[in-house]
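Every chain is numbered from 1 and lettered A, B, ... according to where its sequence line falls, protein lines coming before strand lines.
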2 protein chains.
Amino acid sequence: MSHPALAVTVDLVVLTVRAGALHVLLVERGEEPFLGRWALPGGFVRPDEDLPGAASRELQEETGLPRGLVHLEQVATYGAPDRDPRQRVVTVCYLALAPDLPVPRAGTDAADARWAPVADLPDLAFDHDVLLADAVERARAKLEYTPLATAFCPPEFTVAELRRVYEAVWGTTLDARNFHRKVTGAAGFLEPTGGTTTRDGGRPATLFRRGPATTLHPPLLR
Amino acid sequence: MSHPALAVTVDLVVLTVRAGALHVLLVERGEEPFLGRWALPGGFVRPDEDLPGAASRELQEETGLPRGLVHLEQVATYGAPDRDPRQRVVTVCYLALAPDLPVPRAGTDAADARWAPVADLPDLAFDHDVLLADAVERARAKLEYTPLATAFCPPEFTVAELRRVYEAVWGTTLDARNFHRKVTGAAGFLEPTGGTTTRDGGRPATLFRRGPATTLHPPLLR
DNA sequence: CCAAAAGTGTTACTCGTACACCCATGA
DNA sequence: TCATGGGTGTACGAGTAACACTTTTGG
């Protein structure tokens, strides 16, 4: 049977929380088109790998993180005929949530790489501003009803650190006392490690790790 | 630049409510592989059309409905290397919600077509059981916080008809009186047309059309 | 009149929010 | 002892669930 063949790529929206603000990993393009412009990391899907595998491989190539430590989920697929001026490219966009990482190294075909604050972005190559906006909205929505915010935290964290993640992603301020009750009361969300820390000053705060829950009951509201 | 070329298809999960139960449009395959097995309708993306355009065209070819009358949204993309035994195929799955339609005609490359109850399905070709399950779960979730249930209704409908949609999609029963208060109280969900009908028997019911709201405040809960 | 479905009123309970208040540490 | 953030108690209002009750039609 005959059929049109298209190029298929995977693009990544890698988010982290740094200095109280949501940041995204961008790479500077080292070739045409959009030479010198900032873009989302990504690359072609290889013939022998599936879509999550391609996303995971690209993520490792860009961040150097071991696979499996970072939350990774598919967001949407974009395939307008003119979105790449060279050829027809359909791209599957993945969202990755990572704890605060060292400044990334440049990838194989990228001139440079950096964390950019989502609130103050440069013009992006291709339709990557749309991909990014959709992925950020997905992340914001998922914080409400899943324990995904813990993906931004180190293995052990305090309730205040978790709250600052929510405040950074949602761009709001939350009542620290009600937030504490809600997250510690949601079954399976947080497990105390037994330890405490005073790294935030004041009274020692209980340290938690992520619990087994996959959804939050009741959900946290923006 | 060199890159691997893949086939890209669009598959459709077309849902409707018939006889109080959720149904999906299936086609019988007229060629190998999976000859004679039931599958989701779909086809290759053409070089000159975007993804929503391909989904809309396939939908029209399978149902004969004019474009734009049916809700259509992307669900997810599937690309395991072995999901089609002939060749590498990446498929973008779309969800369509339609009012009760006449029995569909067979498409161009389908031997037959029918509405199948989602609660009692045959074995499907390829990984279409997964695509279907993901799309149905998306539809169920969206009824909670969007006015999407109206996409299953004719242009003018009663609150009871809308309630039977929710009951069919969720597989639950709902309190008719509380449901009435909730949907008529949600701003922008329903607009009275001024007319009434007794087609359900009993006291005449007010007829409504879909309102301008895109999200429901407060949401309806399962 | 009776059955059936539409639509309203009422009550008890749950949950989110706001905020007063106390606790445990470092300086 | 004071400042700082951690954590608890409590009261008020909004929203939900359960269900008694009234309304308006067809037969």
> Could you state the CG-P distance from A/D200 to C/dG26, rounded to the nearest angstrom?
14 Å
> In whole angstrom, give the distance that lies between atom CG of A/D175 and atom C1' of C/dC15.
15 Å
> Would you say a side-chain N or O of A/K182 is under 4.0 Å from OP1 or OP2 of C/dC15?
no
> Which residues pass the ring pair (Phe, Tyr, Trp, His ring centres under 6.0 Å) test with A/W38, not counting sequence neighbours?
none
> Could you pull out all donor-acceptor pairs under 3.5 Å where a side-chain atom in residues 149-157 of chain A meets a protein atom, sequence neighbours excluded?
{"from": "A/T150", "atom 1": "OG1", "to": "A/P147", "atom 2": "O", "distance (Å)": "2.7"}

> Is there a side-chain contact between A/T158 and A/L207, using heavy atoms and a 4.5 Å cut-off?
yes
> Is the shortest side-chain N/O distance from A/T206 to OP1 or OP2 of D/dG6 below 4.0 Å?
no
> Report the residue from B/E137, B/H71, B/E73 that forms a side-chain hydrogen bond (donor to acceptor under 3.5 Å, both in side chains) with B/K142.
B/E73
> Taking side-chain hydrogen bond (donor to acceptor under 3.5 Å, both in side chains) as the definition, give me every residue that meets it alongside B/T16, ordered by chain and number, with sequence neighbours left out.
none
> Sequence neighbours excluded, which residues qualify as side-chain hydrogen bond (donor to acceptor under 3.5 Å, both in side chains) partners of B/R177?
B/D175
> Side-chain atoms of residues 179-192 of chain A: list all donor-acceptor pairs with protein atoms under 3.5 Å, sequence neighbours left out, distances to 0.1 Å.
{"from": "A/R181", "atom 1": "NH2", "to": "A/N178", "atom 2": "OD1", "distance (Å)": "2.9"}
{"from": "A/T184", "atom 1": "OG1", "to": "A/H180", "atom 2": "O", "distance (Å)": "2.6"}
{"from": "A/T184", "atom 1": "OG1", "to": "A/R181", "atom 2": "O", "distance (Å)": "3.4"}

> Could you write out each protein N or O paired with an N or O of nucleotides 9-12 of chain C at a distance under 3.5 Å?
{"from": "C/dG9", "atom 1": "N7", "to": "B/R181", "atom 2": "NH1", "distance (Å)": "3.1"}
{"from": "C/dG9", "atom 1": "O6", "to": "B/R181", "atom 2": "NH1", "distance (Å)": "3.4"}
{"from": "C/dG9", "atom 1": "O6", "to": "B/R181", "atom 2": "NH2", "distance (Å)": "2.8"}

> List in chain and number order the residues that pass side-chain hydrogen bond (donor to acceptor under 3.5 Å, both in side chains) with A/D100, two or more places apart in sequence or in another chain; answer none if no residue qualifies.
A/R18
> Can you give me the bend angle of the helix from C/dC1-D/dG27 to C/dA27-D/dT1? Use the axis through the first five pairs and the one through the last five, nearest 10 degrees.
10°
> Just checking, is any N or O donor in the side chain of B/D11 or B/Y78 under 3.5 Å from an acceptor N or O on the other one?
no
> Mind listing the N/O atom pairs, protein and nucleotides 24-27 of chain D, below 3.5 Å?
{"from": "D/dT24", "atom 1": "O2", "to": "B/R203", "atom 2": "N", "distance (Å)": "3.4"}

> Within the structure provided, determine whether A/V169 and A/V17 are in side-chain contact (heavy-atom separation under 4.5 Å).
yes
> Nearest-Å distance, CZ (B/F179) to P (D/dG15)?
18 Å
> Between A/L25 and A/E62, is there a side-chain heavy-atom distance shorter than 4.5 Å?
yes
> What are the residues of residues 213-222 of chain B, sorted by number, that bring a heavy atom to within less than 4.0 Å of DNA chain D?
B/P218, B/P219
> What are the residues of residues 147-173 of chain A, sorted by number, that bring a heavy atom to within less than 4.0 Å of DNA chain C?
none
> Between D/dG6 and A/H180, is there an OP1 or OP2 to side-chain N/O distance shorter than 4.0 Å?
no
> Does A/L12 reach the side chain of A/L72, with side-chain heavy atoms less than 4.5 Å apart?
yes
> Nearest whole Å is fine: how far is D/dC19 C1' from B/L174 CG?
16 Å
> Does B/L124 reach the side chain of B/L131, with side-chain heavy atoms less than 4.5 Å apart?
no
> Would you mind reporting whether A/L121 and A/V24 have side-chain heavy atoms less than 4.5 Å apart?
yes
> Starting at CG of B/L22, measure out to CD of B/E167 and round the result to the nearest 0.5 Å.
13.5 Å
> Who are the side-chain hydrogen bond (donor to acceptor under 3.5 Å, both in side chains) partners of A/R140, not counting sequence neighbours?
none
